Student: 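Encoded as structure tokens, here's the structure I'll be asking about.
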Amino acid sequence: DVGARFLCSSGAACIAEMFTFPIDTTRVRMQVVGTQKTGTKLGMFGTAKEVFKSQGIKAFYSGMPPAMIRQFVQCGVNLAAYLPIRNALGADKDHSFVKKG
């Protein structure tokens, strides 16, 4: 059960990373470049267009393997360990003061 949660959450995190990584790359480029080249801010689409023209599609996925490893481990451990830790701390028990029924 823990292994299945680990694999499912890790897989979902990696799929999400594949779709959001180009957006994050564009955001970082906007922060780093700022107004250096043109004197004005290009915005999200303008920055993406400039990156694509100057470096191609590969630039949006540069650095993706370490990000995938990070997501695989981080999300897998977080979601696989959550339920056992929660249950060990007693969160699965009813601690209410009002009797049900």
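Remember, it's a predicted structure, so these values are computed and weren't measured experimentally.
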Student: Of all the heavy-atom pairs spanning Gly63 and Pro66, show the shortest one and how long it is.
Tutor: O-CD, 3.2 Å

Student: Quick check: is Leu79 connected to Val77 through a chain of hydrophobic side chains (ILVMFWY, heavy atoms under 4.5 Å apart)?
Tutor: no

Student: Measure across Ser62 and Phe21 and return the closest heavy-atom pair with its distance rounded to 0.1 Å.
Tutor: O-CE2, 3.4 Å

Student: Quick one: closest heavy-atom pair of Ala80 and Val2, and the distance?
Tutor: CB-O, 3.7 Å

Student: Nearest 0.5 Å, what's the CD-CG distance between Glu17 and Asp24?
Tutor: 7.0 Å

Student: Any side-chain heavy-atom pair from Ser9 and Gln71 closer than 4.5 angstrom?
Tutor: no

Student: Might you point out which heavy atoms bring Arg5 and Pro84 nearest each other, and give the distance in Å?
Tutor: NH2-CD, 3.6 Å

Student: List the atom of Thr26, the atom of Ala48, and the distance in Å for their closest heavy-atom pair.
Tutor: CG2-N, 3.9 Å

Student: Check whether more than 12 heavy atoms from other residues, nucleotides or ligands sit under 6.0 Å from atom CZ of Phe52, and answer yes or no.
Tutor: no

Student: If hydrophobic clusters are built by linking Ile, Leu, Val, Met, Phe, Trp and Tyr wherever their side-chain heavy atoms come under 4.5 Å apart, do Ile69 and Met64 end up in the same one?
Tutor: no

Student: Does a side-chain heavy-atom distance below 4.5 Å link Ile23 with Met44?
Tutor: yes

Student: Looking at CZ of Arg70 and SG of Cys75, how far apart are the two atoms once the value is rounded to the nearest 0.5 Å?
Tutor: 8.5 Å

Student: What do you reckon, are the aromatic ring centroids of Phe72 and Phe6 less than 6.0 Å apart?
Tutor: yes

Student: When rounded to the nearest 0.5 angstrom, what is the spacing between CE in Met68 and CD1 in Ile15?
Tutor: 8.5 Å

Student: In the single-linkage hydrophobic clustering (I, L, V, M, F, W, Y; side-chain heavy atoms under 4.5 Å), do Phe45 and Phe60 co-cluster?
Tutor: no

Student: Under a 4.5 Å side-chain heavy-atom rule over Ile, Leu, Val, Met, Phe, Trp and Tyr, are Leu89 and Tyr82 clustered together?
Tutor: no

Student: Check whether any side-chain heavy atom of Glu50 sits under 4.5 Å from a side-chain heavy atom of Arg29, and report yes or no.
Tutor: no

Student: Following the transitive rule for hydrophobic clusters with a side-chain heavy-atom cut-off under 4.5 Å over Ile, Leu, Val, Met, Phe, Trp and Tyr, establish whether Val73 and Leu7 coincide in one cluster.
Tutor: yes

